Amino acid sequence: MFRLAPSCKDRRLCKLLPLLQAHRPLFSAAANSLQISPDCLENESREIDFDDLFQSCTKLHHVKRLHALLVVSGKIKTVFSSTKLVNFYANLGDLSFSRHTFDHISYRNVYTWNSMISVYVRCGRLSEAVDCFYQFTLTSGLRPDFYTFPPVLKACRNLVDGKKIHCSVLKLGFEWDVFVAASLLHMYCRFGLANVARKLFDDMPVRDSGSWNAMISGYCQSGNAVEALDILDEMRLEGVSMDPITVASILPVCARSDNILSGLLIHLYIVKHGLEFNLFVSNNLINMYAKFGMMRHALRVFDQMMERDVVSWNSIIAAYEQSNDPITAHGFFTTMQQAGIQPDLLTLVSLTSIVAQLNDCRNSRSVHGFIMRRGWFMEDVIIGNAVVDMYAKLGIINSACAVFEGLPVKDVISWNTLITGYAQNGLASEAIEVFQMMEECNEINPNQGTYVSILPAYSHVGALRQGIKIHARVIKNCLCFDVFVATCLVDMYGKCGRIDDAMSLFYQVPRSSSVPWNAIISCHGIHGQGDKALNFFRQMLDEGVRPDHITFVSLLTACSHSGLVSEGQRYFHMMQEEFGIKPHLKHYGCMVDLFGRAGHLGMAHNFIQNMPVRPDASIWGALLGACRIHGNMELGAVASDRLFEVDSENVGYYVLMSNIYANVGKWEGVDEVRSLARDRGLKKTPGWSSIEVNNKVDIFYTGNRTHPKYEKIYDELRNLTAKMKSLGYVPDKSFVLQDVEEDEKEHILTSHSERLAIAFGIISSPPKSPIQIFKNLRVCGDCHNWTKFISQITEREIIVRDSNRFHHFKDGICSCGDYW
DNA sequence: TTAGGGTTAG
């Protein structure tokens with residue numbers, strides 16, 4: 001039931017009373033709910049203004065009631081009133097009732113058809129609009145007029161339709177109507193035929209500002225920023241001044257092409273000509289300043305607006321969300337609601353990202369529910385993708401996958417988002433599986449984003465051959481010079497041990513941003529080539545590239561892996577003092593690792609205690625790792641106590657601490673930690689190593705005896721061990737962390753998974769060819785030493801990548817100088 | 001009575 005508070009509405013509705021009286025039996029319920037008092041009945045005049053009546057209805061069910069009354073009273077017979085209803089229903093959001101009304105109009109004229117077409121366009125149902133146009137021309141026997149073409153040209157989604165409709169325009173002689181011509185220009189620009197549009201434009205006998213605007217926005221929408229700015233200059237040279245629509249078309253071009261100067265000049269023009277009070281203009285200014293990162297300017301425009309719509313709010317929310325200020329963004333969202341503005345689909349797209357940035361798992365469910373209740377998943381794939389991304393970023397990967405599976409339409413971005421989600425949650429094999437599914441479904445063409453999402457997954461598992469295949473596809477698709485794809489390739493070659501390939505690719509890509517530099521620095525860092533990493537950093541500064549926070553993570557990691565303690569400290573200060581970068585937890589973690597690895601455990605602990613932010617698990621984990629390397633049981637216990645509180649589910653920390661105890665023979669400590677892990681339902685991650693031979697990846701678990709060639713592998717191992725003992729190899733049994741007899745200890749060392757993989761590589765590949773293996777955990781000290789001997793005996797280069805770094809063995813030496 | 005050219009996004 002609804003109330004009609006304003007008296008003018010009462011008066012208008014009272015005009016309906018004769019009808020209500022006539023059909024009281026049928027419409028008494030309606031009359032009651034209209035709350036019309038009996039007094040009104042007496043004073044009713046007979047004139048009824050349908051237009052005013054419908055205008056007074058702000059709710060769909062008001063219109064439906066009036067419609068029913070009019071039908072029954074026989075007043076709705078004219079085409080005019082019926083067509084009006086087609087528009088009213090659409091404006092009130094009931095497209096299906098609009099179509100239903102249209103279908104029941106027995107006699108339709110051009111106005112009826114035009115209305116139905118433009119209704120479809122207004123509701124974004126573009127293919128239906130074009131279909132309706134064809135139905136109109138083929139079945140109605142009527143001729144379209146010049147009102148018909150602008151909406152249908154706007155609705156064309158391919159050039160074939162566009163050209164057909166252009167033929168109709170020519171046949172009927174409407175090509176120089178300024179409205180029709182503007183639509184044609186825009187259509188041709190959108191489909192990349194700017195030359196056709198330009199020819200039409202030059203031939204036009206009369207042009208208005210709309211014609212220029214159509215060319216400018218057409219260029220913008222096809223991504224031709226330079227042409228758009230050129231034609232703007234031409235327009236101004238001809239003395240045509242910019243109107244609000246010109247400005248609203250050109251500001252996004254400045255934003256996208258990062259043309260700050262033009263943007264500022266246009267803002268001056270806007271102020272000078274009093275255009276800043278136009279809603280579209282202000283909204284565009286907010287968006288442009290946000291893209292330039294000029295948040296104070298964006299905020300000033302927003303604050304000075306006389307009226308704001310949902311786009312204004314979305315723009316300011318997205319501006320803060322994208323400048324990584326989710327708290328302010330969320331504040332604007334709250335204020336928007338207080339101002340009574342209903343959020344739309346795009347507000348929720350920003351909100352998903354805000355929730356992810358705030359790491360707010362609880363609210364992620366509410367946001368998801370809100371979107372579901374409005375049925376927005378059916379409306380646009382973008383919102384589904386945003387929700388998948390939100391869950392993936394929160395680490396709730398199962399929910400991300402469930403939402404992905406339920407999406408009514410999946411585009412390439414949906415797939416990319418899920419692949420990235422798995423890869424960033426450390427689930428590289430799942431990411432690869434999703435990529436394979438995408439390839440098998442044969443409906444989606446991978447794009448730049450796909451390569452950027454799958455390459456890190458290949459890097460993670462060391463799948464060099466798969467990575468090379470992607471490289472070939474990247475070349476075929478001309479994406480070699482895309483800085484993000486190229487950087488992923490540099491990273492992939494680096495992480496798969498092909499540092500030379502990484503280098504040669506690095507020199508081919510554009511290097512004006514920090515992104516490729518970060519990759520090449522990190523690549524040398526994990527290979528223990530700290531000096532080279534530092535050289536790249538200096539070269540980067542010489543070339544005028546500004547480092548960012550990731551550069552310093554790569555640089556500090558490089559220092560820590562190469563024992564460059566004082567250099568690391570210097571860069572940590574340089575980052576803050578010269579580049580004004582506030583250290584993140586990641587940087588603090590690198591510093592703890594830097595001190596810890598070098599054996600300065602006290603300094604590392606002291607550093608943690610003086611940190612201005614609360615240390616998380618990664619910080620204590622770095623300290624515990626260092627305690628394991630240097631056998632410091634006391635400090636290890638301090639670190640592990642903290643870890644078992646803050647990240648009690650991570651089994652790796654229990655294993656590290658029990659290893660520290662085992663290493664000094666403190667077996668009761670080992671038992672204590674193990675039972676703690678067992679009580680919490682945690683299981684030790686089994687160690688495994690993989691090797692790619694003849695395009696096939698073989699995986700070996702420690703002590704594995706199920707491989708078809710296991711007998712030959714163990715024969716080879718015995719053979720090799722005998723040879724290396726004669727060269728001076730003595731097994732270091734302190735790396736056996738079980739409390740077993742001495743004889744058993746040597747056997748345990750021999751069956752470590754990396755040795756099985758290396759032995760398999762030796763018997764399966766030509767003599768002296770290089771071997772590369774990947775291990776999921778860290779390589780132990782005895783295996784490290786053992787592999788040095790193997791590289792000498794077999795004259796092979798052996799590359800071992802473990803969960804921490806690379807070990808390059810050649811001629812009995814490791815390139816890391818045994819510092820790891 | 002119906003029409004062009006304009007903004008936000010994963």
Side-chain angles (χ1 to χ4, degrees), chain A residues 50-51 78-88 90 109-119 121-122 144-154 174 177-187 189-190 207-221 242-253 255 275 278-288 290-291 309-319 321-322 344-353 356 380-390 392-393 407 411-414 416-417 420 449:
Chain A
F50 291 113
D51 200 27
T78 62
V79 189
F80 173 72
S81 6
S82 311
T83 306
K84 202 130 215 194
L85 279 162
V86 171
N87 287 314
F88 273 124
N109 63 12
V110 184
Y111 166 49
T112 324
W113 284 99
N114 288 351
S115 294
M116 194 64 240
I117 293 170
S118 57
V119 158
V121 176
R122 284 208 302 277
D145 64 5
F146 46 70
Y147 284 106
T148 317
F149 290 102
V152 78
L153 281 164
K154 192 179 184 177
F174 294 135
D177 175 275
V178 279
F179 283 60
V180 176
S183 309
L184 282 168
L185 300 177
H186 196 258
M187 185 269 295
C189 285
R190 249 173 37 225
R207 287 194 296 228
D208 67 357
S209 66
S211 326
W212 288 95
N213 292 343
M215 289 296 290
I216 294 169
S217 71
Y219 275 125
C220 297
Q221 286 179 18
M242 295 197 283
D243 65 11
I245 294 186
T246 324
V247 170
S249 310
I250 204 73
L251 286 175
V253 177
L275 303 180
N278 179 293
L279 197 56
F280 275 83
V281 169
S282 302
N283 290 347
N284 271 308
L285 281 171
I286 298 173
N287 288 315
M288 180 186 76
K291 290 239 167 67
D309 65 357
V310 67
V311 179
S312 326
W313 288 96
N314 287 351
S315 302
I316 198 75
I317 292 169
E321 171 253 304
Q322 280 169 22
D344 69 0
L345 192 145
L346 291 182
T347 322
L348 268 289
V349 169
S350 292
L351 201 57
T352 55
S353 171
D380 197 332
V381 63
I382 190 172
I383 188 79
N385 296 347
V387 174
V388 174
D389 191 48
M390 171 185 75
K393 289 214 171 91
L407 291 180
D411 67 359
V412 64
I413 297 176
S414 325
N416 296 352
T417 309
T420 310

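What you see is a predicted model, and the numbers here were worked out from it, not measured in a lab.
- Here A:S211 lies in heavy-atom contact (under 4.0 Å) with a base.
- Looking only at distances, no side-chain donor or acceptor of A:N114 sits under 3.5 Å from a matching main-chain atom of A:I117.
- For B:dT7, the base has a donor-acceptor partner in the side chain of A:N283 [N/O atoms by modelled type, under 3.5 angstrom].
- Residue A:T246 places no side-chain atom within donor-acceptor reach of the base of B:dG5, judged by atom type and a 3.5 Å distance cut-off alone.
- Between the side-chain ring of A:F179 and the base of B:dG4, a stacking contact exists by the 5.5 Å and 30° definition.
- The shortest side-chain heavy-atom distance between A:F174 and A:F149 falls under the 4.5 Å cut-off.
- At a threshold of 4.0 angstrom between heavy atoms, the contacts of A:R190 with the nucleic acid are absent.
- Residue A:S282 is classed as having no contact, given no heavy-atom separation below 4.0 Å to the nucleic acid.
- The separation between A:N287 atom CG and B:dG6 atom P is 15 Å, rounded to whole Å.
- Using a 4.5 Å heavy-atom threshold, the side chains of A:M288 and A:P252 count as separate.
- Residue-level contact check: A:V387 touches neither bases nor backbone, having no heavy atom under 4.0 Å from any strand.
- In the set B:dG6, B:dG5, B:dT2, B:dT2 carries the atom at the smallest distance from any side-chain atom of A:S118.
- With distances taken from any side-chain atom of A:D177 to the nucleotides B:dA3, B:dG5, B:dA9, the minimum falls on B:dA3.
- A donor-acceptor pair shorter than 3.5 Å can be found between the side chains of A:N213 and A:T246.
- Listed pair A:R122 / B:dA3 meets the phosphate criterion, a side-chain N or O lying under 4.0 Å from OP1 or OP2.
- Comparing B:dT2, B:dA9, B:dT7 by their closest approach to the side chain of A:L346 singles out B:dA9.
- Distance, A:L285 CG to B:dT8 C1': 14 Å, rounded to whole Å.
- Below the 3.5 angstrom threshold, one finds no donor paired with an acceptor across the side chain of A:Y111 and the base of B:dT2.
- Annotation: salt bridge (Lys or Arg N to Asp or Glu O under 4.0 Å) contacts of A:R190 (sequence neighbours excluded): none.
- Nearest to the side-chain atoms of A:P252 among the listed nucleotides B:dT7, B:dT2, B:dG6 stands B:dT7.
- Across all strands shown, A:N416 has no heavy atoms under 4.0 Å from either base or sugar-phosphate atoms.
- Among the atoms of the strands shown, only primed sugar atoms or phosphate atoms (P, OP1, OP2) are found under 4.0 Å from some heavy atom of A:K291.
- Following rounding to the nearest Å, A:D309 (CG) and B:dT8 (C1') show an atom-to-atom distance of 10 Å.
- No contact: A:V180 has no heavy atom under 4.0 Å from any strand.
- Using a 4.0 Å heavy-atom cutoff across all strands shown, A:S249 reaches sugar-phosphate atoms only and no base atom.
- Straight-line distance from the CZ atom of A:F146 to the P atom of B:dA3: 13 Å, rounded to whole Å.
- Computed from coordinates, the A:I245 CD1 to B:dA3 P distance equals 14 Å when rounded to whole Å.
- A:N287 and A:S315 share a donor-acceptor pair across their side chains, judged by distance under 3.5 Å alone.
- The nucleotide whose nearest atom lies closest to any side-chain atom of A:D145 is, among B:dG4, B:dT7, B:dT2, B:dT2.
- Contacts of A:K291 classified as salt bridge (Lys or Arg N to Asp or Glu O under 4.0 Å), with partners at least two apart in sequence or in another chain: none.
- In the interface, the side chain of A:D243 is paired with the base of B:dG5 through a donor and an acceptor atom under 3.5 Å apart.
- Across the protein-nucleic acid pair, A:L275 atom CG and B:dT7 atom P stand 16 Å apart, rounded to whole Å.
- Closest to the side chain of A:V349, from the set B:dA3, B:dT2, B:dA9, is B:dA9.
- The distance from atom NZ of A:K154 to atom C1' of B:dG4 is 8 Å, rounded to the nearest whole Å.
- For A:Q221 and B:dG5, the shortest distance from a side-chain N or O to OP1 or OP2 is not below 4.0 Å.
- The separation between A:D411 atom CG and B:dA9 atom C1' is 12 Å, rounded to whole Å.
- In the interface, the side chain of A:D208 is not paired with the base of B:dG5 through any donor and acceptor atom under 3.5 Å apart.
- No engagement by A:N87 is indicated, since no non-hydrogen atom pair under 4.0 Å with the nucleic acid exists.
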